Amino acid sequence: MLFGRGKKNPVKIADKGIVEWKYTTCGYCSTGCSIEVGLNADGKPVSSRGVGGADVNRGKLCVKGIFEHEIFTADGRGDKPLLRNHIHEGYEQVEWDHALDKMADEILRIQKTYGRDSFAIVSTGQLLTEEFYTLGKLARGCIGTNNYDGNTTLCMASAVSGYKRSFGSDGPPGNYEDFEHTDCLIAWGSNLPEQHPIIYWRMKEAQEKRNFPLIVVDPRVTMLAQNADMHLAITPGTDVVLQNAIMHVILDEGLEDRDYIAANCSDFEQLEKEVQKYDPVTASKICGIDEDTIRNVARLYANADAAMSIWTMGINQSTHGSDGVVGINNLNLITGNIGKAGGTSLSITGQCNAMGTREWSSCSGLPGYRVLEKPEEREEIAKFWGIDAEFFPKQRGLTETDIFPAIETGQIKGLWLVATNPMTSMANTARIRKTLEKLDFLVVQDSYADVETTQYAHLYLPAATWAEKEGVFTNTERRVNIVRKVTDAPGESQADLWIFNELAKRFENGKKIKFPEAPSDVFDEMRELSRGRLVDISGMSHDKIETQRGIQWPYTSDEADKGIEPPSGGKRLYTEAGTFRYADGKAKLIPLPFIDNNEVPDDDYPLWLNTGRLVEHFHTRTKTGKVGNNNKYSPIPFMEINPDAAEELGIVHGEYVRCISRRGDAVVMAMSTQRVPKNMIFIPFHFHDCVNRLTLGLLDPHSRQPAFKQSAVRVERIEDQQAAAQMSMEMRDF
Ligand SMILES: Nc1nc2c(c(=O)[nH]1)N[C@H]1C(S)=C(S)[C@@H](COP(=O)(O)OP(=O)(O)OC[C@H]3O[C@@H](n4cnc5c(=O)[nH]c(N)nc54)[C@H](O)[C@@H]3O)O[C@H]1N2
Ligand SMILES: Nc1nc2c(c(=O)[nH]1)N[C@H]1C(S)=C(S)[C@@H](COP(=O)(O)OP(=O)(O)OC[C@H]3O[C@@H](n4cnc5c(=O)[nH]c(N)nc54)[C@H](O)[C@@H]3O)O[C@H]1N2
Ligand code: SF4
Ligand SMILES: [Mo]
């Protein structure tokens, strides 16, 4: 025995009496980890563990996944539907039939009085794909409103828009295995270790083997930046300028891949002309990255055998979000880095099923990446569903961020929120509150009855969550994985699929269109509709997906019939020349002029307000706020402030301070840290009545995604710390 061993207390893992482990897929982030939930002899979920044979996570889970079974019994879950006539009255519990009759009556009444589009639907990236497809059928095929969108407009809209503009279709071309082949990685506005811990682990493992350079572009010294070879602390909102300057150097020094460009790209000359304006000296004055660094990064990227870029909200949530994505694509196209191992534009997605909603929900069009603007695609879906194609609108309606202003102006009178919490997640809380109060009829369909939006609802519908139901999610690398039902939902909560199906029966077209009850039957419809499309899943089935621990699309019935097993990882798009989704098979190189339209710091509001996330919490904390092992890490709202800035303002670490913007104010605790520069504070957005009281959320012109990460604030000391602490405690309800 080694000296000293045996004297210490051994760590004991409590025996939870698990008799069965059930396979499922994590319901938090888009990494897509395979999880097994352990059930005890009473059938109660008591533990979670990673699945060793799953290619994505290889047995690992992060601090959220490992406690995920605790959400089933968390406080505040729904029980029965709740109904009231006026938002200032108390709720009454009602039976499902009554709730859904009332809902259908109100939708029809509003549509009859004010027109079909006066009732809007806003959904999410957190339902199962079968549920998204069914909601799309209901919204587009039965209710027939064109004002139907998802919270993905707050999240992935810029990536979708950028992919479409560059490649002619949405769909991330790369995968996690690319880390194992790349010779240079740039991470743009992505805090991978905190927000996608298991993708980070895959990246880190690959990097330790081959030691490729990691370049991080982020105004904050994030956990990822601390591990980078080069950290480019960019001026907020100016990534497009840096991208143009990098391309300027590449073209100036002849480092581009001319053969790849000739075979795969159109409009090269236009791009060349625009980037000529962005010499590194001029660009450095705007983006804050010195000219030598710009040149070094350009050379490193262009000279690497394979180079890849990943990005998340630092790019998407900007007034130049869509352009930032196109800029990354431009950079990869001119260096021949699309469709090859280790060379790619990989958007790291957000919510567990942000991809599923893009593929199948019909939010921005019709299922299977079809669009409303093409008559043949409207015809195809109408025929498949058995309705008249004239029922469909001929172009996409409003996005979430335009639906709310349309409520303000009285154009929209009714709203149905499915699995999203805009009272906490949208910019300018005061404005959102007023908007919700203005509605004739608001339905909130959520797993938690105590979600903030319920305060403004006329009808609350209790929904099952995550592994209380069955269906699939698609992760960041286009991998379809299965959520198996592990336990029953509490009270009379019902799966979203059941709610959609029951509501459909109350509409005329609901009698014409089939609404299968079993998720696997819904999946069969999607398989049929996917045949020959980019998003071909025709070779998959629920059982095959579970056996393989997830399958990446495309996986065709042809492959399945020939007995070709799906590879465990590494599937890419656009691997052959001329296979981009524009009619000529080429990708477009798009010039990106930069217009500075952000709210920038000035004398009255001298600090940048940057916002984002923490590893232990998920979004508006409806789940992680209730899991002790997550919540205890950050139970109250705080801001990161640079020690020099704190000293000048007379603020001490751990004191409460007031942050003020042109929209409102918020009280937070000050955390003095070098993670932020002197002219910036950072506040996580997980807390209600906090940072989104301050944000402006200017919209990207292409994607309509809000710039959550750029606005201006000032910070003031609070004299009465006792009162501030009291207020903060009361607001957090703990
Ligand atoms: N633990 C946890 N994980 C999550 C989530 C969660 O809530 N909690 N949410 C999931 C979802 S839906 C999403 S969308 C993802 C988000 O994942 P990320 O985008 O990685 O997370 P954020 O913290 O929102 O923002 C990332 C970084 O963008 C930087 N940034 C700000 N402004 C700029 C800029 O102008 N340029 C650049 N280059 N960077 C900038 C910020 O400083 C921040 O560090 O995470 C997913 N994973
Ligand atoms: N300032 C700032 N604001 C931001 C961001 C930021 O970085 N900064 N990020 C934005 C981004 S990227 C995102 S994705 C959004 C997220 O914003 P939201 O989507 O509004 O936030 P969530 O807390 O995930 O809300 C999901 C809701 O769905 C419920 N739910 C969970 N599972 C189910 C289910 O199966 N069925 C039903 N019916 N309900 C369910 C949950 O209880 C929760 O209330 O926030 C955005 N807001
Ligand atoms: S990395 Fe994401 S998918 Fe994996 S366990 Fe954590 S939250 Fe779940
Ligand atoms: Mo997101």
Side-chain angles (χ1 to χ4, degrees), residues 25-33 35 48 50 56-57 60-66 68 124-128 131 151-152 154-156 187-192 194-201 216-220 222 224-225 232 234-239 242 311-318 324 348-352 354 417-427 445-448 451-453 461-466 468-469 475 495-496 499 608 610-624 676 680 682-686 691-692 694-695 697 706 708-710:
T25 302
C26 179
Y28 283 120
C29 88
S30 65
T31 301
C33 297
I35 291 195
S48 309
V56 168
N57 53 315
K60 295 196 162 40
L61 292 177
C62 81
V63 69
K64 291 178 299 303
I66 202 80
E68 203 161 356
T124 182
Q126 294 169 50
L127 300 184
L128 299 158
E131 297 178 328
N151 69 356
T152 37
L154 312 181
C155 180
M156 301 317 302
W188 305 81
S190 162
N191 189 8
L192 211 57
E194 289 204 62
Q195 270 53 262
H196 302 86
I198 302 298
I199 305 183
Y200 173 68
W201 167 71
V216 169
V217 186
D218 194 312
R220 249 170 106 219
T222 57
L224 191 64
L232 278 50
I234 195 161
T235 301
T238 65
D239 294 77
L242 175 62
W311 75 92
T312 321
M313 290 308 124
I315 291 289
N316 288 357
Q317 287 172 347
S318 149
I348 306 290
T349 49
Q351 302 163 82
C352 52
L417 295 173
V418 186
T420 187
N421 181 14
M423 276 303 296
T424 305
S425 60
M426 282 188 79
Q445 177 170 327
D446 202 287
S447 310
Y448 292 84
V451 66
E452 290 88 21
T453 41
L461 301 176
T465 191
W466 184 46
E468 293 164 352
K469 49 191 185 175
N475 79 350
D496 296 276
I499 302 173
W608 283 106
N610 184 357
T611 75
R613 305 164 155 72
L614 307 168
V615 64
E616 58 272 16
H617 277 308
F618 191 76
H619 291 178
T620 70
R621 297 195 315 145
T622 57
K623 292 178 176 176
T624 50
V676 282
M680 177 182 287
F682 174 86
I683 305 181
F685 90 98
H686 304 297
V691 75
N692 278 330
L694 309 171
T695 47
F708 280 119
K709 295 196 171 1
Q710 287 97 32

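Whatever order the structure lists them in is the order used to number ligands and atoms, beginning at 1. Source: prediction; values computed, not measured.
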Of all protein heavy atoms, the one nearest atom 4 (Fe) of ligand 3 is Cys33 SG, 2.3 Å
Applying a heavy-atom cut-off of 4.0 Å, say which part of Leu127 lies close to ligand 2: side chain, backbone, both or neither. side chain
Heavy-atom gap His196 to ligand 3 smaller than 4.0 Å: no
With a cut-off of 4.0 Å, which atoms of ligand 2 are near a heavy atom of Asn692? 1 (N), 2 (C), 3 (N)
Look at atom 28 (O) of ligand 1 and say which protein heavy atom is nearest, naming residue and atom and giving the distance to 0.1 Å. Gly314 CA, 3.4 Å
Which of the listed options, Met426, Arg613, His617, Met156, holds the heavy atom that is closest to atom 12 (S) of ligand 2? Arg613
Under 4.0 Å from a heavy atom of Pro236: give me the atoms of ligand 1 that qualify, with their elements. 35 (O)
With only distance considered, is Phe682 within less than 3.5 Å of ligand 1 through an N or O on each side? no
Could you work out, for atom 31 (C) of ligand 1, the closest of Glu194, Lys709, His196, Gln710 by heavy-atom distance? Lys709
Would you mind checking which non-hydrogen protein atom is closest to atom 35 (O) of ligand 1, with the distance to 0.1 Å? Gly237 N, 2.8 Å
Is the contact between Cys26 and ligand 3 made by the side chain, the backbone, both, or neither, using heavy atoms and a 4.0 Å cut-off? side chain
From the candidates Ile199, Asp218, Thr624, Asn191, the one that places a heavy atom nearest atom 27 (C) of ligand 1: Asp218
Verify the distance test for Cys62 against atom 6 (Fe) of ligand 3: any N/O/S atom under 2.8 Å, yes or no. yes
Going by the closest heavy atom to atom 36 (N) of ligand 1, which one wins out of Asp239, Thr31, Asn316, Thr611? Asp239
Candidates Thr420, Thr424, Asn421 - the one meeting side-chain hydrogen bond (donor to acceptor under 3.5 Å, both in side chains) with Thr620: Asn421
Show me which atoms of ligand 2 lie under 4.0 Å from any heavy atom of Ala463. 36 (N), 37 (C), 38 (N)
Which of the ligand 1 atoms, numbered from 1, are nearer than 4.0 Å to a heavy atom of His686: 7 (O)
Polar-atom distance check: His619 versus ligand 2, any N or O pair below 3.5 Å? yes
Please indicate whether any nitrogen or oxygen in Ala464 is less than 3.5 Å from any nitrogen or oxygen in ligand 2. yes
My understanding is that we take every heavy atom of each candidate and find the minimum distance to atom 40 (C) of ligand 1. Doing that for Pro219, Ala354, Ala225, which one comes out nearest? Pro219
Got the closest protein heavy atom to atom 23 (O) of ligand 2, with its distance? Thr620 OG1, 2.5 Å
Of all the atoms in ligand 1, which lie at a distance below 4.0 Å from a heavy atom belonging to Val615? 1 (N)
Distance filter under 4.0 Å to Asn151 heavy atoms, resulting ligand 2 atoms: 18 (P), 19 (O)
Is it the case that ligand 2 has an N or O less than 3.5 angstrom from some N or O of Arg621? no
Atom indices of ligand 1, in the order listed, that fall short of 4.0 Å to a heavy atom of Leu614: 1 (N), 2 (C), 8 (N)
Ignoring hydrogens, just give me the one of Met313, Gln195, Gln317 whose non-hydrogen atom is nearest atom 9 (N) of ligand 2. Gln317
How close does the nearest protein non-hydrogen atom get to atom 39 (N) of ligand 1, and which residue and atom is it? Gly189 CA, 3.2 Å
Just need the protein heavy atom nearest to atom 33 (C) of ligand 2, so name the residue and atom and give the distance. Ser447 OG, 3.2 Å
For ligand 1, indicate whether the residue Ile234 contacts it via side chain, backbone, both or neither (heavy-atom separation under 4.0 Å). side chain
Test your reading of the structure: does Gln445 have an N or O sitting under 3.5 Å from an N or O of ligand 2? yes
Considering Ala427, Gly697, Gly612, Ala419 one by one, which has a heavy atom nearer to atom 26 (C) of ligand 2 than any of the others? Ala419
For atom 4 (Fe) of ligand 3, decide whether Cys29 has an N, O or S atom at a distance under 2.8 Å. no
Is the contact between Val451 and ligand 2 made by the side chain, the backbone, both, or neither, using heavy atoms and a 4.0 Å cut-off? side chain
Below the 3.5 angstrom mark, is there an N/O of Thr124, backbone or side chain, next to an N/O of ligand 2? no
Only heavy atoms of Thr222, strictly under 4.0 Å: list the atoms of ligand 1 that pass. 44 (O)
In ligand 2, which numbered atoms sit nearer than 4.0 Å to a non-hydrogen atom of Asp496? 34 (C), 35 (O), 36 (N), 37 (C), 38 (N)
Looking only at non-hydrogen atoms, the one of Leu694, Thr465, Asn610, Ile683 nearest atom 32 (N) of ligand 2 is Thr465
For atom 42 (O) of ligand 2, closest protein heavy-atom neighbour: Asp446 OD1, 2.7 Å
For Gly350, state whether at least one heavy atom is located under 4.0 Å from any atom of ligand 2. no
Numbered atoms and elements of ligand 2 in range of Lys469, under 4.0 angstrom, heavy atoms: 34 (C), 35 (O), 36 (N)
Does ligand 2 come near enough to Ser425 that some N or O of the ligand is less than 3.5 Å from an N or O of the residue? yes
Side-chain H-bond candidate by donor/acceptor type, His617 with Thr624, under 3.5 Å: yes
